[in-house]
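Every chain is numbered from 1 and lettered A, B, ... according to where its sequence line falls, protein lines coming before strand lines.
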There are 2 protein chains.
Amino acid sequence: MMDTTNTDDLDKRILRAIAKNGRISVQALGDSVGLSPSPVARRLKRLEERGIVTGYSAMIDETALGFGVSVFVSVKLDRQIDDALQAFEKAILAFPEVVDCWLMTGNRDYLLRVVTRSMAEFEKFLVGSLTKVKGVAEIESSIPLRRVKQTGSRTP
Amino acid sequence: MMDTTNTDDLDKRILRAIAKNGRISVQALGDSVGLSPSPVARRLKRLEERGIVTGYSAMIDETALGFGVSVFVSVKLDRQIDDALQAFEKAILAFPEVVDCWLMTGNRDYLLRVVTRSMAEFEKFLVGSLTKVKGVAEIESSIPLRRVKQTGSRTP
DNA sequence: CCTGAAAAGGTGTACGT
DNA sequence: ACGTACACCTTTTCAGG
């Protein structure tokens with residue numbers, strides 16, 4: 001059984017273009033892929049509806065805004081039942097400090113990236129917010145020195 | 001001496017809004033922050049010029065593009081001299097499979113996120129590319145089940 | 001599934017406050 | 001530094017191939 005994704009080459013070119021410039025106009029998109037604006041708009045809408053394009057975002061320089069601290073945090077929950085996972089994830093989604101979160105295989109723990117203005121603010125987040133989330137059993141922080149590469153997402 | 005970032009509350013609300021929806025119109029932005037379109041456009045332009053807004057991007061479900069495999073890879077180098085780090089980083093920047101890379105404190109190892117079409121392609125990258133980079137001593141892979149949160153960047 | 005044209009809606013500039 | 005007005009451009013919708 002083959003998983004026909006239903007995204008053709010034109011869609012892929014549209015995706016590449018909007019990955020590079022999320023505010024590009026439908027017209028310019030049409031020019032770049034060789035289509036008139038209306039089909040591009042239709043395809044874009046369809047890509048959004050199908051959940052392939054999950055949204056659009058401005059890329060903001062965190063350090064320019066004073067958020068100089070970025071920390072990787074590994075979190076283990078004390079139970080691994082679905083309820084605990086759901087409760088944890090709901091809390092995570094509400095914390096602005098958490099910019100990225102993955103559920104890992106293995107011990108079913110989470111890997112987060114937490115961004116704050118300072119170490120003091122990070123500590124406050126850790127003891128004031130994260131440790132207070134129900135089900136959190138273990139927390140391990142790793143501090144990066146610097147970011148070597150940032151692509152956002154892969155493109156062919 | 002106070003570090004007045006020169007971004008006031010209005011700017012911050014604009015940043016929050018465009019982080020959440022990078023394709024929002026200037027008009028809608030104006031409505032949401034209580035300003036008419038022209039000042040919003042002026043502020044937006046200024047935020048871009050000052051490098052606070054570095055660009056716009058569509059958030060794309062990588063799996064939709066056929067990149068179903070995402071793996072966190074931890075890499076230790078056998079020597080921690082600057083030359084080794086530089087050589088390693090140069091290699092990393094050239095690999096399209098590596099979408100994100102951080103130099104970590106502590107044991108001075110690297111944390112990468114590697115994205116491929118399949119496990120077979122991942123393995124090929126691992127044995128064919130990553131292990132062949134000079135200085136690589138230890139590699140540990142962690143496989144995520146799914147992404148829980150993807151914010152791109154922190155907002156004020 | 002595409003084009004093209006017309007209606008609706010958004011943008012950018014100039015100027016007034 | 002914000003608002004309004006207006007000309008211009010972009011998006012959307014719909015008829016037709």
Side-chain angles (χ1 to χ4, degrees), chain A residues 1-61 64-66 152-153 155-156, chain B residues 1-67 151-153 155-156:
Chain A
M1 187 216 289
M2 62 173 200
D3 187 337
T4 162
T5 49
N6 230 10
T7 52
D8 63 11
D9 195 59
L10 241 34
D11 283 330
K12 283 179 183 161
R13 286 169 68 188
I14 291 173
L15 288 168
R16 268 193 286 277
I18 59 174
K20 219 174 74 185
N21 176 9
R23 256 181 119 81
I24 189 175
S25 73
V26 176
Q27 253 182 188
L29 258 179
D31 291 347
S32 80
V33 305
L35 234 51
S36 64
S38 7
V40 174
R42 254 183 287 121
R43 279 164 181 270
L44 209 53
K45 200 177 159 194
R46 190 135 179 278
L47 288 167
E48 289 162 6
E49 284 166 356
R50 287 168 59 202
I52 290 168
V53 172
T54 58
Y56 301 88
S57 181
M59 292 178 290
I60 294 166
D61 183 347
L65 278 169
S153 59
T155 27
Chain B
M1 186 219 290
M2 61 175 200
D3 186 336
T4 160
T5 49
N6 229 10
T7 52
D8 64 9
D9 195 58
L10 243 31
D11 283 330
K12 283 176 185 164
R13 287 168 69 188
I14 291 172
L15 288 168
R16 266 194 288 275
I18 60 174
K20 218 174 77 186
N21 177 10
R23 253 182 120 80
I24 189 174
S25 72
V26 175
Q27 249 182 192
L29 256 180
D31 290 347
S32 82
V33 305
L35 234 52
S36 66
S38 16
V40 174
R42 272 195 295 265
R43 280 165 180 269
L44 207 53
K45 199 177 159 195
R46 192 132 183 278
L47 288 167
E48 287 162 8
E49 284 166 357
R50 287 168 60 203
I52 290 169
V53 172
T54 58
Y56 300 88
S57 180
M59 291 177 290
I60 293 166
D61 184 349
E62 283 168 350
T63 60
L65 276 167
F67 294 103
T151 316
S153 56
T155 38

Output for pair (A/Ile18 CD1, A/Ile24 CD1), nearest 0.5 Å, gives 9.0 Å
Quick one: list whatever passes side chain to side chain donor-acceptor pair (under 3.5 Å) with A/Asp61, sequence neighbours left out.
A/Thr63
Applying a 4.0 Å non-hydrogen cut-off, can you work out what B/Arg46 is touching in the nucleic acid: base, sugar-phosphate, or nothing?
nothing
Please report, to 0.1 Å, the donor-acceptor pairs under 3.5 Å made by any side chain of residues 36-43 of chain A, with sequence neighbours excluded.
residue, atom, partner, partner atom, Å
A/Arg43, NH1, A/Asp8, OD1, 3.0
A/Arg43, NH1, A/Asp8, OD2, 3.3
A/Arg43, NH1, A/Asp11, OD1, 3.1
A/Arg43, NH2, A/Asp8, OD2, 3.3

Residue pairs fulfilling salt bridge (Lys or Arg N to Asp or Glu O under 4.0 Å) with at least one residue in residues 20-39 of chain B, sequence neighbours excluded
none
Chain B contact limits on DNA chain D, taken 5' to 3' with a cut-off of 4.0 angstrom to heavy atoms:
D/dC2 to D/dT4
Starting at atom CG of B/Leu35, determine the distance to atom C1' of C/dG12, rounded to an integer number of angstrom.
16 Å
Quick check: on DNA chain C, is the nucleotide nearest A/Gly34 upstream (toward 5') of the one nearest A/Arg23, or the reverse? Name the residue that is more 5'.
A/Gly34
Check side-chain contact (heavy atoms from CB on, under 4.5 Å) between B/Arg16 and all other residues, then give those that pass, not counting sequence neighbours.
B/Lys12, B/Arg13, B/Thr155, B/Pro156
Who are the side chain to side chain donor-acceptor pair (under 3.5 Å) partners of A/Gln27, not counting sequence neighbours?
none
Which residues share a side-chain contact (heavy atoms from CB on, under 4.5 Å) with B/Thr151, sequence neighbours left out
A/Val99, B/Lys149
Does a nitrogen or oxygen in the side chain of B/Arg42 sit under 4.0 Å from OP1 or OP2 of C/dT13?
no
Any donor and acceptor pair, going by atom type alone, linking the side chain of A/Thr54 with main-chain N or O of B/Met59 inside 3.5 Å?
yes
With a non-hydrogen cut-off below 4.0 angstrom, is A/Pro39 in contact with a base, only sugar-phosphate, or nothing?
base
Taking all atoms of both residues into account, what is the closest heavy-atom pair of B/Glu48 and B/Tyr56, and its distance?
OE2-OH, 2.6 Å
Listing time: all N or O pairs from protein to nucleotides 5-10 of chain C that are below 3.5 Å?
residue, atom, partner, partner atom, Å
C/dG10, OP2, B/Gln27, NE2, 2.6
C/dG10, O5', B/Gln27, NE2, 3.4

Taking CG from A/Asp9 and P from C/dC1, how many angstroms apart are they, rounded to a whole number?
16 Å
Roughly what angle, to 10°, lies between the helix axis at the start of the helix from C/dC1-D/dG17 to C/dT17-D/dA1 and the one at its end, five pairs per end?
30°
Nearest heavy-atom approach of B/Thr7 to A/Leu65 is OG1-CD2, 4.3 Å
For B/Val33 against B/Leu10, the heavy-atom pair lying closest together
O-CD1, 4.1 Å
